[in-house]
Amino acid sequence: MADLAALREEQRAIAARVIAQDALTAAPRFIGGVDISCSRFDPTQRVHAAIVVLEWPGLTEVARAGISCHADLPYITGFLAFREVPAALAAFDQLAVKPDLLMVDGQGIAHPRRCGIAAHLGVMLDLPAIGVGKSRLIGTPEAPLGEAAGSQVRLLDRGEEIGALLRSRAHSNPLWISIGHRVSLATAVKWVRATSRGRRLPEPTRLAHEAAGMVRRAACG
DNA sequence: GCGACAG
DNA sequence: ATCTTGTCGC
Ligand SMILES: [Mg+2]
């Protein structure tokens, strides 16, 4: 029983705090990937978060943290952050090396109230954050996306630019990139590309996904 | 009312 | 989100 109307208001308040201006003048030294895993048997009760920190430019791992905790909400479209952010914050606290930039599995401002998980987490930590979604929540591509790797198009919502689609690899579905906090869209796309290594997902998010699965299995979930 | 719907 | 090794196609 969640008070979705109250959560909606909370999202509007958080969205108002999002900064679309670049805080990343120089290259970030440490880049963190964030993802959450949950069991198919008990999807509403427990979540397992992982953050993997890579050092730029070698993308060598310098720290990681994983944590399991109770989820306050089941998954409800548009309210993902309330389910996953508490666990992500707990994992962040455990990190021996704090990232200068976060790449989060999910949308940033490409959200009905401009408050996807990457924006939500970025504002909570006041850290530069990028949303790296694997599918659409809202928005319309400005034009058909090219087939070649590296192709990109803007993602619009009622004429407003809310993100970009990036074909990170040929013959793969695109990434749905949007800003989370303290980055411009161009910078967000730039760092997704810079941290990609020939796979569909950029390394931070790919490794975080892998790590979260390990945390869940270790917890017998 | 109908369709869409991050993870 | 998750189930799962081999197999198919670019
Ligand atoms: Mg995820």
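By convention in this document, chain letters (A, B, ...) are assigned in the order of the sequence lines, proteins followed by strands, and residues within each chain are numbered from 1. These numbers were taken from a predicted model, which means no experiment stands behind them.
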A:Leu80 atom CG is separated from B:dC5 atom C1', nearest whole Å, by 12 Å
Here the distance between atom P of B:dA6 and atom CG of A:Leu155, to the nearest Å, is 13 Å
*Indicate whether OP1 or OP2 belonging to B:dG7 is found under 4.0 Å from a side-chain N or O atom of A:His209.*
no
If you apply the rule side-chain hydrogen bond (donor to acceptor under 3.5 Å, both in side chains), what do you find for A:His48 with A:Ser37, and how did you get there? CA-CA 5 Å; A:His48 312 271; A:Ser37 174; over 6 Å; no
- prompt: Can you tell me if the side-chain N/O atoms of A:His111 get under 4.0 Å from OP1 or OP2 in B:dC5?
  reply: no
Per atom distances to the A:Thr77 side chain, the nearest of C:dT2, B:dC5, B:dG7 is B:dC5
query: When you look at CD of A:Glu160, are more than 12 heavy atoms from neighbouring residues, nucleotides or ligands closer to it than 6.0 Å?
result: yes
Do the numbers put A:Lys98 on top of the ring of A:Phe92, so that NZ or CZ is under 6.0 Å from the six-membered ring centre and no more than 45° off the axis?
yes
Between A:Asp157 and A:Arg114, does at least one N-O distance fall below 4.0 Å, as a salt bridge requires?
-> yes
Exercise for the section: Select base, sugar-phosphate, or nothing to describe what A:Gly213 touches, counting heavy atoms under 4.0 Å on all strands. Expected result: nothing
Rounded to whole Å, the CD1-C1' distance (A:Ile117 to B:dA6) equals 9 Å
In whole angstroms, the gap separating C1' of B:dA4 from CG of A:Asp157 amounts to 13 Å
> Does A:Trp176 stack onto the base of B:dA6, taking stacking as ring centres under 5.5 Å apart and planes under 30° apart?
Replying inline: no
In whole angstroms, the gap separating P of B:dG7 from CG of A:Leu137 amounts to 9 Å
Look at the side-chain N and O atoms of A:Ser37 and state whether any lies under 4.0 Å from the OP1 or OP2 oxygen of C:dT2. yes
inquiry  = Is there a side-chain contact between A:Lys134 and the phosphate of B:dA6, meaning an N or O under 4.0 Å from OP1 or OP2?
reply    = no
Of C:dC3, B:dG7, B:dA6, the nucleotide closest to the side chain of A:Arg40 is C:dC3
Taken to the nearest whole Å, CG/A:Asp105 to C1'/C:dT2 is 14 Å
Rounded to whole Å, the CZ-C1' distance (A:Arg136 to B:dA4) equals 7 Å
In whole angstroms, the gap separating P of C:dT2 from CZ of A:Arg217 amounts to 8 Å
DNA chain C nearest-nucleotide lookup for A:Arg216 and A:His171: closer to the 5′ end is A:Arg216
* Asked: A:Gly116 near the nucleic acid: base, sugar-phosphate alone, or nothing, with a heavy-atom cut-off under 4.0 Å?
  -> base
Scan A:His48 against the nucleic acid and name what it touches under 4.0 Å (heavy atoms): base, sugar-phosphate only, or nothing. nothing
(message) Taking A:Arg113 first and then A:Glu10, would you say they form a salt bridge - that is, a charged N and a carboxylate O separated by under 4.0 Å?
(response) no
- Look at all strands and tell whether A:Phe82 reaches a base, only sugar-phosphate, or nothing, counting heavy atoms closer than 4.0 Å. nothing
